[in-house]
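These numbers come from the heavy atoms of this one structure, side chains and all, not from hydrogens, waters or symmetry mates. We name chains A, B, ... by the order of the sequence lines, and we start the count at 1 in each one.
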Amino acid sequence: MTRLVQAEFRKLFTTKLWLWLLLGAVGLVALFAGLALGFAGEPDNPSPPLDTPDGLRTVLSTVTGGTALVAVLGVIGMTSEYRHLTITPTFLATPRRERVVAAKLVTYAAAGLVYGIACALTVLVVAVPWLAAKDVSLSGAGGTVIGTLAAGVAVLAIYGLLGVGFGALVRNQVAAVVGLLVFLFVVQPILTAIPALNPVGRFLPGSAASAVLQVRQAGVDFLGPWQGAIVLTLYGLVLAVLGVAFTVRRDVT
Amino acid sequence: MLGLVAPTSGTATIGGRRYVELTHPTDQVGAVLEAASFHPARSGRDHLAVYSTVNGYADRRAEVLLEMVGLTDVADRPVGGYSQGMRQRLALANALLGDPQVLVLDEPGNGLDPEGIAWLRHLLRSLADDGRTVLVSSHLLSEVEQVADRVVIINHGRLVREGTIAELSAGVEPRVLVRSPEAEKLAAALAARGARVQRSGPDELTVSGLDAAGVGHVAFTEDLELHGLAAEASDLERVFFALTSGDRA
């Protein structure tokens with residue numbers, strides 16, 4: 001299994017995709033953090049003020065701005081094998097196909113972790129000087145900072161799992177990437193925006209991620225942080241298991 | 001056979017075990033199935049490195065194989081820029097990583113230039129002479145004929161014949177092609193000697209039941225002019241059509 005994971009890392013690092021998506025994720029996080037900081041304290045901004053733990057958490061939670069890109073990385077990591085037919089030599093080397101999927105889950109969770117660390121550092125680089133300039137003291141907020149950023153890193157790692165799981169289920173690369181983005185940016189926001197659907201909405205990946213970060217939002221009842229993390233992980237694992245059961249075992253020609 | 005496609009019925013075993021049951025399958029079986037199995041942005045060297053890593057082969061082995069298939073100079077270029085023949089060579093190198101005793105090659109000559117085909121023929125021959133089993137599937141029958149020891153003919157998914165080339169050709173009567181400006185008279189003379197004669201062109205005959213020497217002798221004794229006389233090679237293609245023609249009707 002160690003070798004399989006090593007091989008997956010070699011696959012990941014022998015093309016440039018990881019680098020472009022990492023730059024994209026870092027860029028998005030820097031942008032979101034800047035927006036959160038810039039608009040904090042505006043009269044019509046519902047976010048809590050920056051000098052409260054909740055307000056600080058809202059700014060720091062932009063660490064998850066790259067979740068979609070981590071998920072895309074995982075989806076492509078799985079589906080590019082089908083797209084470029086490298087699935088043939090891959091399954092020839094490892095005929096027990098579920099092991100390939102397991103190795104990819106481990107690899108892309110680890111990659112998500114690395115992305116998360118890069119994003120957390122980005123948030124710090126943007127937020128620390130900005131907050132200092134606004135005379136918001138971070139002394140005494142160390143726990144909130146580290147806790148929120150660590151939660152964000154965990155969320156990104158889990159999104160790596162999610163991507164691989166979704167890619168295993170929908171092996172067509174274009175369909176998987178488009179489907180994922182439509183879900184994250186169209187379906188999910190609609191479902192979470194309707195208050196009546198909150199009992200369902202709180203279990204969606206985005207809400208589960210917010211729960212992990214302990215973000216407060218008026219009128220929304222999130223899960224607890226651990227519940228959120230478990231729900232999110234289950235999404236990845238259940239998708240992967242469904243993928244292995246229904247898609248991955250299909251004939252490869 | 002390699003666990004990629006679930007069979008409707010039956011099993012295939014390699015060394016007595018099904019492919020999926022092999023612990024390190026690529027140590028025992030190397031396969032080249034389609035030459036397009038590469039990520040276009042990954043270099044040839046990296047492609048081999050990925051599959052070396054899965055099975056724990058030393059990187060040195062990949063270098064030896066790159067040298068052997070003649071790709072060392074382009075090993076760091078993305079496979080997307082490779083010609084069909086270069087991809088075919090890389091796929092072959094990948095199959096040989098584990099130094100397997102069994103090779104399964106699907107149309108390995110596809111996309112190779114004549115020089116490449118001669119090289120491939122030589123390589124396959126030397127692999128087989130090392131005591132390895134090399135299974136080649138191909139529809140280029142004349143190519144197969146030059147390398148294969150044993151032939152299995154499959155037509156429309158059914159086994160037609162199996163055996164050495166000599167065994168298979170034994171079922172097909174040898175024929176002689178003869179050209180003569182006096183084809184009419186020659187045909188009559190040959191038929192009188194018990195040969196079966198077919199008119200295959202304005203001055204060409206296809207003769208069975210007599211060998212080339214026999215046909216030449218008849219022409220000589222009858223004082224008939226010949227422009228060409230050749231034993232038709234009893235090649236695999238004829239064997240194939242002789243054995244499968246019934247199915248095509």
Colleague: Taking all atoms of both residues into account, what is the closest heavy-atom pair of B:Gly56 and A:Arg3, and its distance?
Modeller: CA-NE, 3.6 Å
Colleague: Report, as yes or no, whether the 6.0 Å neighbourhood of atom CZ on A:Phe13 holds more than 12 heavy atoms from other residues, nucleotides or ligands.
Modeller: yes
Colleague: Rounded to the nearest 0.5 Å, how far apart are OH of B:Tyr19 and CG of A:Leu92?
Modeller: 4.5 Å
Colleague: Within a radius of less than 6.0 Å around CD of B:Glu63, do more than 12 heavy atoms belonging to other residues, nucleotides or ligands occur?
Modeller: yes
Colleague: Any heavy-atom pair between the side chains of A:Arg96 and B:Val20 that's under 4.5 Å?
Modeller: no
Colleague: Should we count CZ of B:Arg18 as having more than 12 external heavy atoms under 6.0 Å?
Modeller: no
Colleague: Checking heavy atoms, do the side chain of B:Tyr51, its backbone, both or neither come under 4.5 Å from chain A?
Modeller: side chain
Colleague: Any idea which of B:Asn94, B:Val54, B:Leu97, B:Val29 has the most non-hydrogen atom pairs under 4.5 angstrom with chain A?
Modeller: B:Val54
Colleague: Under 4.5 Å, counting heavy-atom pairs only, tell me which of B:Ala95, B:Gly98, B:Ala41, B:Ala49 racks up the most with chain A.
Modeller: B:Ala49
Colleague: Is it the backbone or the side chain of A:Thr90 that comes under 4.5 Å from a heavy atom of chain B, or both, or neither?
Modeller: both
Colleague: Check whether B:Asn55 gets within reach of chain A through its side chain, its backbone, both or neither, counting any heavy atom under 4.5 Å.
Modeller: both
Colleague: Any idea which heavy atoms bring B:Leu4 and A:Arg97 closest together, and the distance?
Modeller: O-NH2, 3.1 Å
Colleague: Side-chain contact, heavy-atom cut-off 4.5 Å: A:His84 with B:Ser37?
Modeller: no
Colleague: Keeping A:Thr14 on the side-chain end and B:Arg42 on the backbone end, is there a donor-acceptor pair under 3.5 Å?
Modeller: no
Colleague: Where is the tightest heavy-atom contact between A:Ala7 and B:Thr53, given as atom of each residue plus distance?
Modeller: N-CG2, 3.6 Å
Colleague: At a heavy-atom separation under 4.5 Å, does A:Glu81 approach chain B through its side chain, its backbone, both, or neither?
Modeller: side chain
